[in-house]
Asks: 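One structure, pasted below without further comment.
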Amino acid sequence: MRAFTYERAASPAEAAVAAARAEGTKFIAGGTNLLDLMKLRIEAPTHLIHVNGLALDKIEGSEESGLRIGALVRNTDLAADQRVRRDYPVLSRALVAGASGQLRNKATTAGNLLQRTRCPYFYDTNMACNKRQPGSGCSAIGGFTRQLAVVGGSDACIATHPSDMAVAMRALDATVETVRPDGKTRGIPIADFHKLPGDTPHIETVLEKGELITAVTLPKPIGGKQLYRKVRDRASYAFALVSVAAVVQPDGTGRVALGGVAHKPWRVEAAEAELPKGAKAVAAGLFADAKPTEQNQFKLTLAERTLGAVLAEAHG
């Protein structure tokens, strides 16, 4: 691990200002992803800003939205919150499906959204990776692609986003709240928060330099049967080959977001109009622009069958 400097911020605005002041600055809270990447020398921040003391660890009701989740709320606490379990069960189920109990005790809401891909070529510093070193190439293209993206990729990157929580939040239409170095705040719809790779796969979100996530808000409860199903190679502590977050209403309408198939949580609202017709019709819309490889072609069938099982469970 390379040497770095360290400071504790006294407020979210102060943290944002400090992060914008110098290149190579990162925020750190739980550190469950960042510290691993620093040890591997994939991330090499020159300065870390400790944000755990910023009182952003509360889950609160809101008149404008159903729930406001502080950026530093631990995954374990969020999954166990009675309001989340009652009104947003798809989120609770997605959180419990992720990582391990020990990691969930440390991992934060903001950090979960910002975790980086688990593409094996990204983690191997001997291999070219546009996400790790822009312009170096993508070793995954033409390499081992079984776990990688089947839709939304580009000639520069076919990595997938690893978060389970983000998939559920995409299905719930969450909003990410931030503060900028100039003190201004903004709300970013989760649909716009993560970027597709295009020619700049190293730019993963729309956050600006120094911008700090302060909370994630959920809209008022939408009811319905809410389910999260994750298909993976091991029963636990494994990332999704395919995951499905679904909210299904009694009339058969609803929402569907997928994990494990794209560079960001994958949702195509137009495809959801086909929900009453079944999984095959929805999958056709979700994967209309899919470009799978020979090794991960199976994900298209797996996603359709997983969605079919979720819909069958939702309808009893």
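FYI, side chains are in, hydrogens and waters are out, and symmetry mates aren't considered; it's all heavy atoms of this structure. Worth saying up front: this structure is predicted, and the values here are computed from it rather than measured. We number each residue from 1, following the sequence as shown.
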Asks: Is it true that, when you exclude Asp289 itself, more than 12 heavy atoms of the residues, nucleotides or ligands shown sit nearer than 6.0 Å to its CG?
Replies: no
Asks: State whether the side chain of Trp266 and the backbone N or O of Leu286 hold a donor-acceptor pair below 3.5 Å, judged by distance alone.
Replies: yes
Asks: Which atom pair, heavy atoms only, marks the closest approach of Tyr121 to Arg132?
Replies: O-NH2, 2.8 Å
Asks: Heavy-atom count check: over 12 atoms from other residues, nucleotides or ligands less than 6.0 Å from Gln226 CD?
Replies: yes
Asks: Kindly give the heavy-atom pair with the smallest separation between Ala140 and Thr145, and that separation in Å.
Replies: O-CG2, 3.1 Å
Asks: Counting neighbours of CD on Gln295 that are heavy atoms of other residues, nucleotides or ligands and sit closer than 6.0 Å, is the number greater than 12?
Replies: yes
Asks: Just so I know, are the side chains of Leu40 and Thr125 near enough to count as touching, which here means a heavy-atom distance under 4.5 Å?
Replies: no
Asks: Hey, is CG on Asp124 packed in by over 12 heavy atoms from elsewhere, all under 6.0 Å?
Replies: yes
Asks: Got a salt bridge between Asp192 and Lys195, using NZ or NE/NH1/NH2 to carboxylate O under 4.0 Å?
Replies: no
Asks: Indicate the atoms forming the closest heavy-atom contact of Ile213 with Ala71, along with that distance.
Replies: O-CB, 3.3 Å
Asks: Atom CZ in Arg104, atom CE in Met165: separation rounded to 0.5 Å?
Replies: 13.5 Å
Asks: Heavy-atom distance under 4.5 Å between the side chains of Thr5 and Leu48, does that happen here?
Replies: no
Asks: If we ignore hydrogens and angles and just use 3.5 Å, is the side chain of Thr200 paired with the main-chain N or O of Ile203 as donor and acceptor?
Replies: no
Asks: Please check: side-chain N/O of Thr32 versus main-chain N/O of Ala107, any donor-acceptor pairing under 3.5 Å?
Replies: no
Asks: Do His50 and Tyr6 have side-chain N/O donor and acceptor atoms under 3.5 Å apart?
Replies: yes
Asks: Is there a path of hydrophobic side-chain contacts, each under 4.5 Å between heavy atoms of I, L, V, M, F, W or Y residues, that connects Val51 with Val73?
Replies: no
Asks: Is it the case that over 12 heavy atoms from other parts of the model lie below 6.0 angstrom from the CG atom of Asn105?
Replies: yes
Asks: Thinking salt bridges, do Arg255 and Glu269 make one under a 4.0 Å N-O criterion?
Replies: no
Asks: Going by an N to O cut-off under 4.0 Å, is there a salt bridge joining Asp182 and Arg180?
Replies: no
Asks: Check Cys119 against Ala159 and note the closest heavy-atom contact, atom names and distance.
Replies: CB-CB, 4.1 Å
Asks: Regarding Arg74 and Asp57, does a basic nitrogen lie under 4.0 Å from an acidic carboxylate oxygen?
Replies: no
Asks: Passes side-chain contact (heavy atoms from CB on, under 4.5 Å), Glu211 versus Val179? Steps please.
Replies: CA-CA 6 Å; Glu211 193 168 8; Val179 61; over 6 Å; no
Asks: Would you say Val256 and Leu241 are hydrophobically clustered, going by side-chain heavy atoms of ILVMFWY under 4.5 Å?
Replies: yes
Asks: Between Glu23 and Lys209, does any side-chain N to carboxylate O distance fall below 4.0 Å?
Replies: yes
Asks: Ile141, Val261: one ILVMFWY side-chain cluster at the under-4.5 Å cut-off?
Replies: no
Asks: Closest heavy-atom contact between Phe4 and Pro45?
Replies: CB-O, 3.5 Å
Asks: Looking only at heavy atoms, which two atoms of Gly66 and Pro221 are closest? And how far apart?
Replies: CA-CD, 4.4 Å
Asks: Could you check if a side-chain atom of Glu43 sits within less than 4.5 angstrom of a side-chain atom of Arg116, using non-hydrogen atoms only?
Replies: yes
Asks: Taking the side chain as every heavy atom from C-beta outward, state whether His161 and Glu204 have any atom pair closer than 4.5 Å.
Replies: no
Asks: Quick check against the 3.5 Å criterion: does Asn130 have a side-chain atom that pairs as donor or acceptor with the backbone of Ala156?
Replies: yes
Asks: Would the number of heavy atoms belonging to other residues, nucleotides or ligands and lying under 6.0 Å from OH of Tyr237 be above 12?
Replies: no
Asks: Given 3.5 Å as the limit, does a donor-acceptor pair link the side chain of Glu14 with the main chain of Ala10, or not?
Replies: yes
Asks: Given the rule in the side-chain contact (heavy atoms from CB on, under 4.5 Å) test, do Leu218 and Leu91 qualify, once you have shown the distances and angles that lead to the verdict?
Replies: CA-CA 10 Å; Leu218 300 177; Leu91 177 56; 3.9 Å; yes
Asks: So, do His194 and His263 have ring centers that fall under 6.0 Å from each other?
Replies: no
Asks: Looking at Pro201, is its backbone amide N or carbonyl O close enough to the side chain of Lys131 to form a donor-acceptor pair, meaning the two atoms are under 3.5 Å apart?
Replies: yes
Asks: Got a donor-acceptor contact below 3.5 angstrom from the Asn296 side chain to the Gln147 backbone?
Replies: no
Asks: Do the non-hydrogen side-chain atoms of Leu300 and Pro292 ever get within less than 4.5 Å of each other?
Replies: yes
Asks: With side-chain contact (heavy atoms from CB on, under 4.5 Å) as the test, pick out the partner of Arg68 among Val216, Thr175, Thr214.
Replies: Thr214
Asks: Working to the nearest 0.5 angstrom, can you tell me the gap between Ser92 OG and Arg83 CZ?
Replies: 13.0 Å
Asks: Output the distance between atom OG (Ser139) and atom CD1 (Ile158), rounded to the nearest 0.5 Å.
Replies: 10.5 Å
Asks: Ile69, Val167: one ILVMFWY side-chain cluster at the under-4.5 Å cut-off?
Replies: yes
Asks: Got Phe122 and Leu37 here, is their nearest side-chain heavy-atom distance under 4.5 Å?
Replies: yes
Asks: Would you mind reporting whether Arg118 and Asn33 have side-chain heavy atoms less than 4.5 Å apart?
Replies: yes
Asks: Measuring from Thr160:OG1 to Leu258:CG, what's the distance to the nearest 0.5 Å?
Replies: 12.5 Å
Asks: Would you kindly confirm whether Leu307 and Val268 end up in one hydrophobic cluster when ILVMFWY residues are joined by side chain heavy atoms under 4.5 Å apart?
Replies: yes
Asks: More than 12 foreign heavy atoms under 6.0 Å from CZ of Arg305: is that the case here?
Replies: no
Asks: Can Arg186 and Glu177 be counted as an ion pair, charged N to O under 4.0 angstrom?
Replies: no
Asks: Under a 3.5 Å distance rule, please check whether Arg2 uses its side chain to pair with a backbone N or O of Lys39 as donor and acceptor.
Replies: no
Asks: Let me confirm one number: the CG-NZ distance from Leu114 to Lys26, rounded to the nearest 0.5 Å.
Replies: 8.5 Å
Asks: Could you tell me whether the side chain of Thr108 and the main chain of Leu72 form a donor-acceptor pair under 3.5 Å?
Replies: no
Asks: Look at the side chain of Ser243 and the backbone N and O of Lys230, then say whether any donor-acceptor pair between them is shorter than 3.5 Å.
Replies: no
Asks: Does any part of the side chain of Thr217, heavy atoms only, come nearer than 4.5 Å to the side chain of Leu67, both counted from C-beta?
Replies: no
Asks: Side chains of Asn112 and Gln115: any donor to acceptor distance under 3.5 Å?
Replies: yes
Asks: Taking 4.0 angstrom as the limit, do Arg86 and Asp81 come out as a salt bridge?
Replies: no
Asks: Using a strict cut-off of less than 4.0 Å between a Lys/Arg side-chain nitrogen and an Asp/Glu carboxylate oxygen, indicate whether Arg267 and Asp173 qualify as a salt bridge.
Replies: yes
Asks: Could you grab the distance from atom OG of Ser163 to atom NZ of Lys264, nearest 0.5 Å is fine?
Replies: 13.5 Å
